[in-house]
Protein chains: 2
Amino acid sequence: MALEHAILVSLLEQPGSGYELARRFDRSIGRFWTATHQQIYKVLRRMETDGWISVEEVAQDGRPDKKVYSAAAPGRTALAAWLREPVEAETVRHELAVRIRAAAFDDPAALIPEVERHREGHAALLAHYLYGEGRDFPAPDTLDARQRLQHVVLRGGIEYERMTLAWLDDVLATLRELAAAPPAGTEADAD
Amino acid sequence: MALEHAILVSLLEQPGSGYELARRFDRSIGRFWTATHQQIYKVLRRMETDGWISVEEVAQDGRPDKKVYSAAAPGRTALAAWLREPVEAETVRHELAVRIRAAAFDDPAALIPEVERHREGHAALLAHYLYGEGRDFPAPDTLDARQRLQHVVLRGGIEYERMTLAWLDDVLATLRELAAAPPAGTEADAD
DNA sequence: TCCTGCTATGCAACGAGTTGCATACGCAAT
DNA sequence: ATTGCGTATGCAACTCGTTGCATAGCAGGA
């Protein structure tokens, strides 16, 4: 229900085509709200019907034509109204947490490689964030409102990754201890 | 696609009816994987058809009958196989981050009450987690494998809430500064 | 007495989101 | 020549998940 709003924010920050939006959703905005190109095209059509955005067909040479969308006044109004609505309860989907609890009913050691892979991904993302922070916000005191808000969101991403890395180390230590320890009383007698 | 596995873990930890599972998903497991009772009933029927779980009708006095489900051997096998699969990329839905970036195109101050409400929710959840930790894991050195894994997941929740609280304070400070500062160059000339 | 709320399960309709496929052009490599 | 890749948009079919409603008995309060 909020993909519309994420698209609107992205178009306000910079107009673009469905294809370009899809790439943004693979990078910046997509860190906080994922979407496939299919979903984006669908929602763009609906938003255009509703008058939230306007389209301009742009011919390109050497490339297919594209439809460049921009946020329209009704879209801005809708966004302002949305900002004043209560935040919906987030639907949590923390697969790794489920897997860790599941490991109690199987071999905990089997999970270690997956957690390590997961950890590498988060370490890479943290490095990527820190690089982006240095590049886009070198002088935090001279930023305008938009940049300061983008920066505080990025700081959230950075802190999330740091916390996750520390936690994954905790998880790995726990799994390794359980793998090393004698499996005294497997689940057979645990009930 | 992983609701099956979350239910399976919950049933392995403790057999129960659809109704009981729905309540667990409002409390413990639901912190990491949310589900409504409708979704749970649907998936339970499919899991039973697939032989992952077994049912027992239990008559109660003063209450409607209930169907108590337990994990069956094929379910355990499926869970073990799932544990060895690569972790799917999580679909991120971080609505507040979108809203914060959206605030650049409206009045940042309008977001403050919502962020404060959000912050209170996280503070309450952290307190709840800490209380639960003290109650369920008073002696961390004497725990069996299942409890240690539950504990490490809970520690993840605790660290997540701590990090989120600190970040929300950062967000609030930023929003308040923007609200206090002269809105030099509103969005009108920002494009 | 009636109303509300809890336990317990479920149908029907809808909306959100994914997966697979199709089209079409140009460019670069084999 | 043909294969593969990047740009660009879209349909069709499906699954996942939500919302609203229905049923039904019992308990407790106004």
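Proteins get letters first, then strands, A, B, ... in listed order; numbering begins at 1 in each.
Each of B:P64 and B:Y69 was matched to the nucleotide of DNA chain C holding its nearest heavy atom; the match closer to the 5' end belongs to B:P64. Both A:D61 and A:K42 lie near DNA chain C, and the one whose nearest nucleotide falls closer to the 5' end is A:K42. In terms of position along DNA chain D, the nucleotide closest to A:G18 lies nearer the 5' end than the nucleotide closest to the other residue of the pair A:G18 and B:V43.
Distance from the side chain of A:Q60 is smallest to D:dA8 among D:dA8, D:dA12, D:dT18. Out of C:dT18, C:dT7, D:dG17, the shortest distance to the side chain of A:Q39 is found at C:dT18. Distance from the side chain of A:T36 is smallest to C:dT18 among C:dT18, C:dT7, D:dT7. Closest contact between the side chain of A:Y19 and the listed nucleotides D:dT9, C:dT19, C:dC11 involves D:dT9.
If you take CZ of B:R46 and C1' of C:dC11, they are 17 Å apart, rounded to a whole angstrom. Protein atom CG of B:L21 is 13 Å distant from nucleotide atom C1' of C:dA8, rounded to whole Å. Atom-to-atom, OH of B:Y41 to P of C:dA12 comes out at 17 Å; the value is rounded to the nearest Å. With rounding to whole Å, B:E48 atom CD is found 14 Å from C:dT9 atom C1'. Per the geometry, CG belonging to A:D65 stands 14 Å off C1' belonging to C:dT23, to the nearest Å. Here the P atom of nucleotide C:dA16 and the CZ atom of B:R93 are 11 Å apart, to the nearest Å. At whole-Å resolution of the value, NZ in B:K66 and P in D:dC26 are 17 Å apart. Atom CD in A:E4 sits roughly 9 Å away from atom P in C:dG17 (whole-Å rounding).
As judged by a 4.0 angstrom heavy-atom cut-off over every strand, A:K67 is placed among residues touching the sugar-phosphate backbone only.
Judged by distance alone, with hydrogens and angles left aside, B:Q38 brings no side-chain donor or acceptor close enough to the base of D:dG17 to form a pair under 3.5 Å.
In the hydrophobic clustering of this structure, A:L178 groups with B:L83; members are Ile, Leu, Val, Met, Phe, Trp, Tyr whose side-chain heavy atoms approach within less than 4.5 Å, directly or through other members.
For C:dG5, the OP1/OP2 oxygens have no side-chain nitrogen or oxygen of B:R63 closer than 4.0 Å. One finds a side-chain N or O of A:S17 lying less than 4.0 angstrom from the OP1 or OP2 phosphate oxygen of D:dT9. Taking only side-chain nitrogens and oxygens, B:R23 comes nearer than 4.0 Å to OP1 or OP2 of C:dT7.
Between B:W167 and B:H94, the ring planes are perpendicular. Angles over 60° get that label, and only those under 30° would be called parallel.
Considering B:R148, B:R155, B:Q147 in turn, B:R155 is the only one that fulfils the side-chain hydrogen bond (donor to acceptor under 3.5 Å, both in side chains) rule with B:H151.
A salt bridge links A:D106 with B:R84: at least one charged nitrogen is closer than 4.0 Å to a carboxylate oxygen.
Side-chain contact check for A:E48 versus A:S54: every heavy-atom pair is 4.5 Å or farther apart.
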